[in-house]
Amino acid sequence: MQMHENFSLRPYNTFGVDAKARYFTEVHSTEELIEALNYSKTSTLPLLFLGGGSNILLTKDFDGLAIQLNLKGIHEDFINDNEVLVTAKAGENWHEFVMFCLNKNYGGLENLSLIPGNVGTSPMQNIGAYGTEIKDTFVNCTVLNLENLQLEMFNLEQCRFGYRDSVFKQEGNGKYVILEVTFKLTRKDHHIKTEYGAITSELENLGIENPTIQDISKAVINIRKSKLPDPKEIGNAGSFFKNPTILLTQFEELQQKFENIPGYANGDFVKVPAGWLIEQCGWKGKQIGNVASHKLQALVIINATGEATGQEIYDFSTKIIDSVHEKFGVELEREVNII
């Protein structure tokens with residue numbers, strides 16, 4: 001285990017913010033991770049765990065030990081001729097893992113193609129896109145308990161998945177490190193999900209009538225590339241805000257003022273697209289200093305010049321939250337973890 005001091009985390013966060021960690025190390029095994037944790041305990045250092053860096057905003061230097069989880073490996077266990085358990089270590093890149101599964105013709109994750117980040121962070125916020133969430137195929141995850149340094153396993157029920165939420169963002173926050181995740185995927189009787197209109201339209205553009213799981217993945221990749229900026233080209237963390245869920249009565253009141261407001265009803269509640277709310281407040285493509293809302297997707301905040309600080313990005317997001325609340329009476333919640 002190699003320890004670095006006063007280490008720039010710019011390459012380890014997709015916003016490209018140049019915050020520094022007092023100490024930094026990269027671990028490749030559970031043993032190295034435990035060694036790093038023991039070092040932090042001896043030195044009484046706060047901890048920051050880094051995966052793909054796609055869901056964090058570093059607003060200041062980190063006065064502690066930042067640990068890059070670089071555990072790699074994928075394992076398959078065949079259940080029967082139609083089902084397989086696929087286990088991936090935390091450091092595996094999420095999109096590359098999805099591509100691994102599709103190359104094997106394993107179905108279930110295709111709608112989650114091209115989501116940035118690593119496998120280890122995927123259960124934390126129950127990542128989802130185009131009608132699919134992690135919880136749909138999740139079986140369990142192995143974690144390290146940071147208090148006693150013992151391995152534990154969380155099943156689907158114990159993870160208590162919600163919309164961009166899990167036990168790891170609630171009372172389990174800061175108590176566990178996810179080491180590997182297991183999914184149950186199909187080998188032949190795949191359930192093709194094309195409910196989202198964007199997927200249907202893209203399949204039509206591609207001239208595909210009876211899509212395979214690989215076709216769904218291709219459609220999703222095309223859609224994401226057309227709407228979302230590549231973090232390798234311009235700093236961003238994907239969707240910065242959650243889509244707010246409001247009471248049906250509040251939504252009906254908003255409909256009286258804003259006839260075109262979109263919403264997706266679920267019982268007494270309605271989910272409203274945050275991107276639409278933000279765009280109606282005039283933020284789409286708007287830039288203040290080094291920070292902007294993306295010109296094609298208002299939900300995405302970008303490090304427009306490459307020189308933005310985390311605090312600048314945070315302040316920009318606060319202005320968006322305030323303006324949406326003022327116009328619609330709806331409180332946006334940041335999806336990105338603020339450090």
Side-chain angles (χ1 to χ4, degrees), residues 4-26 48-70 91 93-96 113-118 120-121 125 127 129 221-242 274-275 278-279 281-324 332-339:
H4 305 272
E5 291 188 50
N6 195 31
F7 190 84
S8 173
L9 298 178
R10 187 193 285 269
Y12 296 91
N13 72 98
T14 57
F15 264 119
V17 169
D18 190 21
K20 291 181 172 58
R22 182 179 172 190
Y23 296 101
F24 172 89
T25 190
E26 189 173 304
L48 172 62
F49 295 100
L50 298 169
S54 62
N55 197 45
I56 61 170
L57 175 62
L58 301 165
T59 59
K60 56 188 175 183
D61 290 343
F62 183 69
D63 188 26
L65 172 60
I67 300 176
Q68 168 74 14
L69 297 167
N70 202 18
N93 175 272
W94 174 259
H95 178 65
E96 291 177 9
S113 298
L114 209 62
I115 291 180
N118 288 355
T121 51
Q125 61 168 0
I127 62 171
I221 290 171
N222 288 354
I223 295 165
R224 293 186 72 91
K225 283 185 174 180
S226 70
K227 295 199 308 181
L228 302 172
D230 186 345
K232 294 176 183 175
E233 297 175 4
I234 188 162
N236 75 91
S239 299
F240 197 92
F241 302 98
K242 296 181 180 180
I278 296 167
E279 187 172 341
C281 292
W283 286 97
K284 190 174 184 179
K286 184 174 182 178
Q287 182 169 340
I288 299 176
N290 295 308
V291 188
S293 177
H294 193 251
K295 62 182 180 181
L296 298 179
Q297 174 52 271
L299 192 57
V300 178
I301 295 176
I302 60 173
N303 182 350
T305 65
E307 298 302 323
T309 66
Q311 190 62 50
E312 283 181 280
I313 295 169
Y314 182 84
D315 292 344
F316 186 92
S317 72
T318 299
K319 289 183 173 69
I320 290 176
I321 291 171
D322 291 344
S323 66
V324 168
L332 291 184
E333 182 182 348
R334 295 175 180 90
E335 186 175 319
V336 173
N337 293 311
I338 309 299
I339 306 297

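Annotation: side chain of Phe241 is in contact with side chain of Arg334 (closest heavy-atom distance under 4.5 Å). Counting only heavy atoms from C-beta outward, the side chains of His95 and Leu114 approach each other to under 4.5 Å. By the 4.5 Å heavy-atom criterion applied to side chains, Phe316 and Ser293 are counted as neighbours. The shortest side-chain heavy-atom distance between Asp315 and Ile288 does not fall under the 4.5 Å cut-off. Side chains of Asp18 and Lys20 form a contact here, defined as non-hydrogen atoms less than 4.5 Å apart. Between Leu48 and Leu50, some side-chain heavy-atom pair lies under the 4.5 Å cut-off. Counting only heavy atoms from C-beta outward, the side chains of Thr121 and Leu69 never approach each other to under 4.5 Å. Between Gln287 and Thr305 the shortest side-chain heavy-atom distance falls below 4.5 Å.
When all heavy atoms of Ala298 and Glu279 are compared, the closest pair comes out as CB-N, 4.0 Å. Annotation for Asn93 and Asn118: closest pair CA-OD1, 3.6 Å, computed over non-hydrogen atoms. The nearest pair of heavy atoms linking Val291 to Ala308 is CG2-CB, 3.8 Å.
Checking Asn290 against Glu307 by side-chain atom types alone, no donor-acceptor pair falls below 3.5 Å.
Below 30°, between 30° and 60°, or above 60°: for Tyr12 and Phe24 the angle between ring planes is between 30° and 60°, a tilted geometry.
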